[in-house]
Amino acid sequence: MKALIKKLPQELQNIVEVVSSLAHTKNVRAYLVGGCVRDMILGARNLDLDIVVEGNGLEFGVNLGEKLKAKVVTHKRFKTSTVFAEDAIKIDITTSRQEHYPHPGSLPVVRDGLIDKDLFRRDFTINSLAVSINQDDFGKLLDVTSGKADLAKGCVRVLHDLSFVDDPTRILRAVRFEQRYGFKIEPKTLALLKQAVKKNMLINTEPQRIRDELILMLKEKNAQKMLKRLAALTKLSFLHLELKISNHTWKLMHDTSAFVRWFESNYPGRRRLDHWLIYLMVLFKPLSMNCVYAFCRRFVLTKNEEKRLIASKAVNPDLIRKINRKNLPPALIYSLLEPLSYEVIILLKAITKNKNAQKHISDYFEIYNDIRISVGGEDLRSLGLAPGPRYQDIFSKVLGAKLDGLVKTREEELELIKKLMT
Ligand code: ATP
């Protein structure tokens, strides 16, 4: 029975032992469920533990947090909690609270009925497996939907015919799991999925829920394949009615991804790129700025996300014409690229095929982006200049001169400042 649990990394096994003993002490039943069981059987690495307790998941999480000396975040409304343990291990604890009444008026609840009921509410058979971590049957697999057989066959199957209608975000999830594991959406499930798309179920779903699933998809390693599959099934019109996906979109996405890899292998110490944002920038390239704003509002992106997504519209014919020119002075290259985020610069690199632009962008990352001036506010104050907006102007002129090789040492920078002040 314990063989399955032994497949978990040692640090997770230790936590499971703690959860098990806590459940025993508190007299509640606890189960590993969902993604962590699926990945345990597949042998895929997963540092998230999903635990269902037949009891109060919020209270249980707080107790577990105390035992593990870990941070706990509770969600009162859903009676759930998340424990953030060492080594980036995340433990989600949910409450299996559904009471089961065999007959009207009878006493609730067969114990197994609770977890079974919970499993039947899930999205796919491969996600509705559970493993008991109770001391009387520790390690026992609960497979009420034949999820294990579907895992072996490599198929994504819903639990009932109305699954996609009940929750259309499962359309995105089906594609995500299919592509992540190289599975196939089972034929009847695929037919149900297509029917739900035809009925515009995605357009009529709460946009924030779609957004969350979309972002999860775009953060996956196989995001491109997932998007292609999703586009083949839905045309992605649920993102924006004017969105048109063409071969050009996929070509640009392919090129952009190649530059993302180039950036990440060459500059591992720089700020991490937000891949999901880059994918959206590529998808939305044919859309007008107003349409992108409309997307942001509908899907309730944060102001910061909106700003960063809209920033991609700076890649316009004027910028492309300027960056494509030959023999640009470094200070000019800097002034064109510095206001842009790394994500937008990478998009620009993928859009312009021009050799000059490629070199300018590489030089920017390689050399110019790292150049700093030696003088600071203290120097300007000692030269008698009162703090004010002129400081920024002077610093940017000094930096420009340094980029262009006109000043090299701190003394030369100070000399230039004196000239600029006269
Ligand atoms: P991942 O590896 O991407 O984290 P996961 O299966 O753990 O995959 P979560 O989104 O964390 O995904 O969900 C945990 C579990 O909750 C799932 O395995 C599934 O059983 C259930 N679940 C999640 N979303 C839904 C949904 N929309 N409908 C039904 N069940 C869901």
Side-chain angles (χ1 to χ4, degrees), residues 7-9 12 30-53 57 61 73 75 78-84 88-98 114-131 141-148 150-151 155-183 185 189 192-193 196 201-202 204-223 225-226 230 238 275-276:
K7 284 180 135 193
L8 287 173
L12 290 186
Y31 301 85
L32 296 179
V33 287
C36 71
V37 178
R38 176 197 67 219
D39 288 341
M40 209 188 312
I41 294 174
L42 287 174
R45 189 176 163 74
N46 186 340
L47 286 184
D48 293 347
L49 284 180
D50 287 326
I51 292 171
V52 167
V53 294
V73 175
H75 317 278
F78 302 107
K79 294 228 164 53
T80 62
S81 53
T82 305
V83 180
F84 296 91
I89 296 170
K90 186 163 90 60
I91 310 158
D92 279 318
I93 299 160
T94 54
T95 304
S96 170
R97 290 179 59 85
Q98 287 277 325
L114 281 175
I115 181 73
D116 285 4
K117 195 143 195 175
D118 191 293
L119 297 176
F120 278 118
R121 285 205 316 261
R122 290 176 181 261
D123 48 3
F124 309 112
T125 60
I126 58 168
N127 285 344
S128 21
L129 289 153
V131 173
L141 182 71
L142 276 78
D143 183 7
V144 291
T145 65
S146 302
K148 193 172 176 207
D150 282 342
L151 271 181
C155 83
V156 178
R157 186 196 307 269
V158 285
L159 305 192
H160 60 91
D161 289 3
L162 288 177
S163 188
F164 292 118
V165 175
D166 285 351
D167 182 355
T169 65
R170 292 175 185 159
I171 294 172
L172 280 81
R173 292 176 66 81
V175 168
R176 185 152 67 87
F177 294 120
E178 179 195 55
Q179 298 299 316
R180 184 200 283 172
Y181 299 114
F183 283 9
I185 299 175
T189 298
L192 293 167
L193 184 154
M201 294 308 300
L202 279 167
N204 296 321
T205 304
E206 196 191 354
Q208 288 99 311
R209 296 195 58 231
I210 303 263
R211 172 203 64 200
D212 291 347
E213 279 300 335
L214 179 72
I215 293 178
L216 281 179
M217 176 180 280
L218 298 180
K219 285 183 173 175
E220 293 260 350
K221 213 168 106 231
N222 285 340
K225 276 172 70 186
M226 294 176 182
L230 189 63
F238 65 94
H275 294 199
W276 68 272

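The figures that follow rest on heavy atoms only: side chains count, while hydrogens, waters and symmetry mates do not. Remember, it's 1-based here, ligands and their atoms both numbered in the order they're listed.
Given atom 3 (O) of ligand 1, the protein heavy atom at minimum distance is Arg180 NH2, 2.6 Å. Closest to atom 18 (O) of ligand 1 among all protein heavy atoms lies Gly35 N, 3.1 Å. In terms of protein heavy-atom proximity, atom 14 (C) of ligand 1 is nearest to Asp50 OD2, 3.4 Å. Protein heavy atom at the shortest distance from atom 28 (N) of ligand 1 is Arg170 NE, 2.9 Å. Given atom 21 (C) of ligand 1, the protein heavy atom at minimum distance is Arg122 NH1, 3.5 Å. In terms of protein heavy atoms, atom 4 (O) of ligand 1 is closest to Asp48 OD2, 4.5 Å. The single protein non-hydrogen atom nearest to atom 13 (O) of ligand 1 is Arg173 NH2, 3.6 Å, given as residue, atom name and distance. Scanning all protein heavy atoms for the shortest distance to atom 8 (O) of ligand 1 gives Arg38 NH2, 3.3 Å.
Close contacts between ligand 1 and Thr169 involve ligand atoms 27 (N) [criterion: under 4.0 Å to a heavy atom]. Shown in contact with Arg176 at under 4.0 Å from a heavy atom are these atoms of ligand 1, numbered in order with element: 3 (O). Close approach of ligand 1 to Arg121 (heavy-atom distance below 4.0 Å) involves ligand atoms 29 (C). Distances below 4.0 Å separate heavy atoms of Asp167 from the following atoms of ligand 1: 26 (C), 27 (N), 28 (N).
Heavy atoms of Asp123 found under 4.0 angstrom from ligand 1 belong to the backbone as well as the side chain.
More than 12 heavy atoms of other residues, nucleotides or ligands shown are found within 6.0 angstrom of NZ on Lys7.
The shortest side-chain heavy-atom distance between Thr145 and Phe124 does not fall under the 4.5 Å cut-off. Using a 4.5 Å heavy-atom threshold, the side chains of Arg173 and Asp167 count as separate.
Just one of Arg176, Arg170, Lys219 meets the salt bridge (Lys or Arg N to Asp or Glu O under 4.0 Å) condition when paired with Glu213; it is Arg176.
Interatomic distance, CD of Gln208 versus CG of Leu214, reported as 13.5 Å (0.5 Å rounding). Rounding to the nearest 0.5 Å places CZ of Arg157 at 11.0 Å from OG of Ser128. Here the straight-line distance linking atom CD1 of Ile171 with atom CD1 of Ile185 works out to 9.5 Å at 0.5 Å rounding.
For the 3.5 Å distance criterion, the side chains of Asp39 and Tyr181 qualify, holding a donor opposite an acceptor.
Note on ligand 1: Phe177 sits in its first shell, one or more heavy atoms being nearer than 4.0 Å.
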task: For Asp143 and Lys148, run salt bridge (Lys or Arg N to Asp or Glu O under 4.0 Å): C-alpha distance rounded to whole Å, both residues' side-chain angles, the deciding distance at 0.1 Å, then the answer.
output: CA-CA 7 Å; Asp143 183 7; Lys148 193 172 176 207; over 6 Å; no
